[in-house]
Amino acid sequence: MYLTETCRLSAGDAAYGGRQEVGGCYRSSEREQRLSRAAALAAVLSHVRENETTKIASSIGPQKGDEATAQLSQLRLRRLLSASGDDEILTAFRRLIALKGGKANVADLAEIIFKWDSERTRMRFAFDYWQASAAAPRENPEDGVSTETAAA
């Protein structure tokens with residue numbers, strides 16, 4: 001396989017002319033990771049039967065502060081937030097879609113699954129679950145630096 005062949009460079013080879021192969025190895029690995037995540041997303045989306053407009057985290061969380069109305073318990077939320085790796089993400093989100101009866105916001109779901117490795121995405125998901133997204137840290141569009149906004 002191309003990936004394993006190009007990754008077998010010694011430190012000396014990489015220092016003297018093997019830089020392109022090392023870079024190619026990195027890009028191939030990154031491409032395989034994106035492809036694997038896309039496959040997990042496709043598997044999750046195959047269980048969606050109806051598109052919703054509500055963000056997925058908001059739709060499963062407590063409504064108007066009443067924890068009894070939450071479709072996803074706090075324990076399952078913690079398990080979902082700790083999911084890592086494509087297999088765990090696939091399993092966690094497939095269960096979430098089943099819990100919602102096959103309904104989900106497809107665009108929101110795709111963005112969340114693709115960016116799930118980001119701490120910011122998990123934090124946004126948790127804030128949306130609790131319907132406290134107004135209090136969530138925001139990203140400053142000018143410089144990309146995170147700033148917190150106070151809830152009014």
Side-chain angles (χ1 to χ4, degrees), residues 1-7 20-152:
M1 178 173 247
Y2 177 74
L3 180 62
T4 55
E5 289 173 6
T6 59
C7 290
Q20 290 177 338
E21 286 83 4
V22 171
C25 172
Y26 176 75
R27 283 189 298 274
S28 295
S29 175
E30 189 177 272
R31 197 175 14 239
E32 285 182 6
Q33 289 173 348
R34 286 193 312 256
L35 185 59
S36 178
R37 186 59 55 91
L41 173 62
V44 170
L45 290 177
S46 71
H47 293 274
V48 176
R49 302 291 175 239
E50 186 179 330
N51 189 28
E52 290 184 322
T53 57
T54 308
K55 288 183 175 183
I56 192 159
S58 298
S59 69
I60 59 169
Q63 306 301 310
K64 298 179 183 174
D66 183 9
E67 290 184 37
T69 61
Q71 287 183 314
L72 188 73
S73 70
Q74 290 182 37
L75 176 61
R76 287 186 184 216
L77 174 65
R78 282 193 293 265
R79 285 184 187 157
L80 177 67
L81 291 173
S82 68
S84 63
D86 295 330
D87 291 338
E88 286 184 24
I89 291 169
L90 168 62
T91 302
F93 280 98
R94 191 176 59 208
R95 287 179 178 162
L96 178 65
I97 299 303
L99 182 68
K100 291 188 49 56
K103 298 178 184 178
N105 182 326
V106 173
D108 186 46
L109 185 62
E111 182 180 354
I112 288 169
I113 289 177
F114 268 121
K115 297 179 179 179
W116 192 249
D117 295 329
S118 163
E119 190 66 31
R120 175 165 300 289
T121 299
R122 293 174 195 235
M123 186 184 325
R124 183 181 67 92
F125 190 90
F127 273 90
D128 287 346
Y129 173 87
W130 290 106
Q131 301 201 9
S133 49
R138 299 283 180 211
E139 201 172 291
N140 187 343
E142 293 176 11
D143 59 4
V145 176
S146 172
T147 57
E148 290 194 25
T149 58

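Keep in mind the model is a prediction, meaning the values are calculated, not measured.
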Item to check | Asp87 atom CG, over 12 foreign heavy atoms within 6.0 Å | outcome: no
Next on the checklist: Tell me whether Arg122 at atom CZ has more than 12 heavy atoms from other residues, nucleotides or ligands lying less than 6.0 Å away.
Outcome noted: yes
Do [X] and [Y] touch side chain to side chain, with heavy atoms closer than 4.5 Å?
{"X": "Ile89", "Y": "Arg37", "value": "yes"}
{"X": "Leu90", "Y": "Ile113", "value": "no"}
{"X": "Trp116", "Y": "Leu81", "value": "yes"}
{"X": "Leu41", "Y": "Phe93", "value": "no"}
{"X": "Lys55", "Y": "Arg124", "value": "yes"}

For the [atom1] atom of [X] and the [atom2] atom of [Y], what is their distance to the nearest 0.5 Å?
{"X": "Leu96", "Y": "Leu80", "atom1": "CG", "atom2": "CG", "value": "6.0 Å"}
{"X": "Lys115", "Y": "Thr121", "atom1": "NZ", "atom2": "OG1", "value": "6.0 Å"}
{"X": "Ser58", "Y": "Phe127", "atom1": "OG", "atom2": "CZ", "value": "12.5 Å"}
{"X": "Asn51", "Y": "Leu109", "atom1": "CG", "atom2": "CG", "value": "10.0 Å"}
{"X": "Asn105", "Y": "Glu111", "atom1": "CG", "atom2": "CD", "value": "9.5 Å"}
{"X": "Glu52", "Y": "Asp108", "atom1": "CD", "atom2": "CG", "value": "10.5 Å"}

Checklist entry - Would you find a donor on one side and an acceptor on the other, under 3.5 Å apart, between the side chain of Gln63 and the backbone of Gly61? => result yes
Checklist entry - Do side-chain atoms of Thr91 reach the backbone of Glu88 as a donor and acceptor pair under 3.5 angstrom? => result no
Next on the checklist: Test side chain to side chain contact (heavy atoms under 4.5 Å, CB included) on Lys100 and Ile56; report intermediate values, then the result.
Outcome noted: CA-CA 9 Å; Lys100 291 188 49 56; Ile56 192 159; 4.0 Å; yes
Nearest heavy-atom pair of [X] and [Y]: which atoms, and what distance?
{"X": "Ala70", "Y": "Pro62", "answer": "CB-N, 3.6 Å"}
{"X": "Leu77", "Y": "Tyr129", "answer": "CD2-CD2, 3.4 Å"}
{"X": "Leu72", "Y": "Arg76", "answer": "CD1-CB, 3.5 Å"}

